[in-house]
Amino acid sequence: MSAYKSEFLNILAERGFIHQVSEPEALDARAKDGTLTAYIGFDCTAASLHVGSLLPIMMLYWLQQTGHRPIALMGGGTTRVGDPSGKDESRRILTDEMIEQNLVGIRAIFSKFLKFEGAGGNAIMANNADWLNTLNYIDFLRDVGRHFSVNRMLSFDSVKMRLERQQELSFLEFNYMVLQAYDFVELHKRYDCALQMGGSDQWGNIVNGIDLGRRMANAHLFALTAPLITTSSGAKMGKTAAGAVWLNANMVSPYDYWQYWRNTEDGDVARFLKLFTVLPLAEIARLAALQGAELNEAKKVLATEATALVHGRQAADAAAETARKTFEEGALAESLPTVEVARAELDKGLGVLVAFAEKTGLVSSNGDARRQIKAGGLKVNDATVTDEKMTLTPKELTPEGVIKLSLGRKKHVLLKPI
RNA sequence: GGGAGAGUGUCCCGAGCGGCAAAGGGGGCGGACUGUAAAUCCGCUGGCUAUGCCUUCGUAGGUUCGAGUCCUACCUCUCCCA
């Protein structure tokens, strides 16, 4: 299907990563003949990246796998300003220390996907704070600003839409694309970076960088964007009621991460296998051909493979096994998420409400626990709780020495006395 | 600078004669049905030491037995004029 000559673009195309490419033939030739250096920018507004960032990470992964050099650019500088695009709530001002902390967490994730310099690879982690923080406004205007045509900037969709809808567009926001364009040129100078990738919403910003590169450095740069990924039912990726699906194990356990993928909608399985696992396409085609309930097998593979990428093979297999015991055997898997309680509390009787709301956090409050009991949603050792005054005592301990608390049929936590 | 309007349940959108824990959606959660899916149907969707108490309608005051609702000031946003 793909007409590309380079392995890199072929893989991206076959797996569904490509939305738009600038000068595909020229980029293709470049990727075929030599080592291509490409980057993607990431905000560091949180201590971890979430599933929504996985797509760009995978693009960098394939870039490196096909013999090229990826740059993960941390937005240490741009985060200080705060990306204003999420307009509703004024964003928290992050201190430099927090940004630095977040960087550490995010860096850990990248090391799972990319081999960095000093660790046997050629991937680079850059931080735009290194050049943005020290910018001098006047110098910047003279060196960079003069290359930007406001007339042209106004013609970009992102800007045009705002103007047409007569929504406010702050000067700060207007400048964001300038800073991003500058990043691209800076990376070109420093690392001979020739390609910027990103989500489809980044197209305009990336193209700006290409133009700036040509004007400032006579550079020939490229853009490649990925489609916006939503689930079949139209929801954005990576959000659940419990919050974002983070990639760091201490924020979302491998088991929960596995569950997230296991619950993929039917219509998304094939697409997600291609995007979020590194299985061969032939294998994916076989899995995607499964029909009806058989598709569950494909979902398990998806869950395990996706989890293995982020948390390692061992954790992925463990999560799969825990799920198998819990859901397929109805047995008690000891590796379910566990919460410890003091033995004394159990001895004198622990109220179900407290156990669910305060100990496990399965529900958000006592009131919520009551509501769930009324709706038949809470279970103790697989028996539906009918009395909100029920107390948990050592009698409830299973032979394994734990008490299994469940919310609905999917969420389980073990209570363990210590 | 002048004029007009708006900010509601901390997920979002949105009604709200002075008696309001506050209509209705969306989303989410739970139940039924299934395949740990989707669709569909049903229930729930401020907190608590709970027949009551506490906190919520931009912020701070005021009027009133009682204020989301009226008054004053302030903040923020939008629109129109200059």
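Every chain is numbered from 1, with letters handed out A, B, ... down the list of sequences.
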With the side chain defined as heavy atoms from C-beta on, A:Gln372 is closest, among B:C48, B:G35, B:C29, to B:C29
Nearest-nucleotide pick for A:Arg262, side chain only, options being B:U36, B:G30, B:G35: B:U36
Compare every heavy atom of A:Thr360 with every heavy atom of A:Val339, then report the nearest pair and how far apart it is. CG2-CA, 4.2 Å
Using whole Å, report how far [atom1] of [X] lies from [atom2] of [N].
X        : N     : atom1 : atom2 : value
A:Phe356 : B:C44 : CZ    : C1'   : 17 Å
A:Tyr260 : B:U36 : OH    : P     : 19 Å
A:Leu362 : B:G28 : CG    : P     : 19 Å

For nucleotides B:G2 and B:G46, find the distance between their C1' atoms and express it as a whole number of Å. 43 Å
Under the criterion side chain to side chain contact (heavy atoms under 4.5 Å, CB included), which of A:Val380, A:Thr338, A:Leu405 is the partner of A:Leu415? A:Leu405
Determine: side-chain N/O of [X] to OP1/OP2 of [N], distance under 4.0 Å, yes or no.
X        : N     : answer
A:Arg371 : B:G47 : yes
A:Lys410 : B:A37 : yes
A:Ser365 : B:C48 : yes
A:Thr264 : B:A37 : no
A:Lys300 : B:U36 : no
A:Asn263 : B:A38 : no

State whether a side-chain donor-acceptor pair under 3.5 Å links A:Thr264 with A:Asp268. no
Residue closer to the 5' end of RNA chain B, A:Trp258 versus A:Gly367 (nearest nucleotide): A:Trp258
Do A:Asn366 and B:G47 share a donor-acceptor pair, side chain to base, under 3.5 Å? no
Between the base of B:U36 and the side chain of A:Glu328, is there a donor and acceptor pair under 3.5 angstrom? no
Let's test this: given Watson-Crick or G-U wobble pairing with both distances under 3.5 Å, identify the partner of [N].
N     : result
B:C33 : none
B:C48 : B:G52
B:C11 : B:G26

So do A:Leu336 and A:Val413 actually touch side chain to side chain, heavy atoms under 4.5 Å? no
Report the relative orientation of the aromatic rings in A:Phe276 and A:Trp261; use parallel for angles under 30°, tilted for 30 to 60°, perpendicular for over 60°. tilted
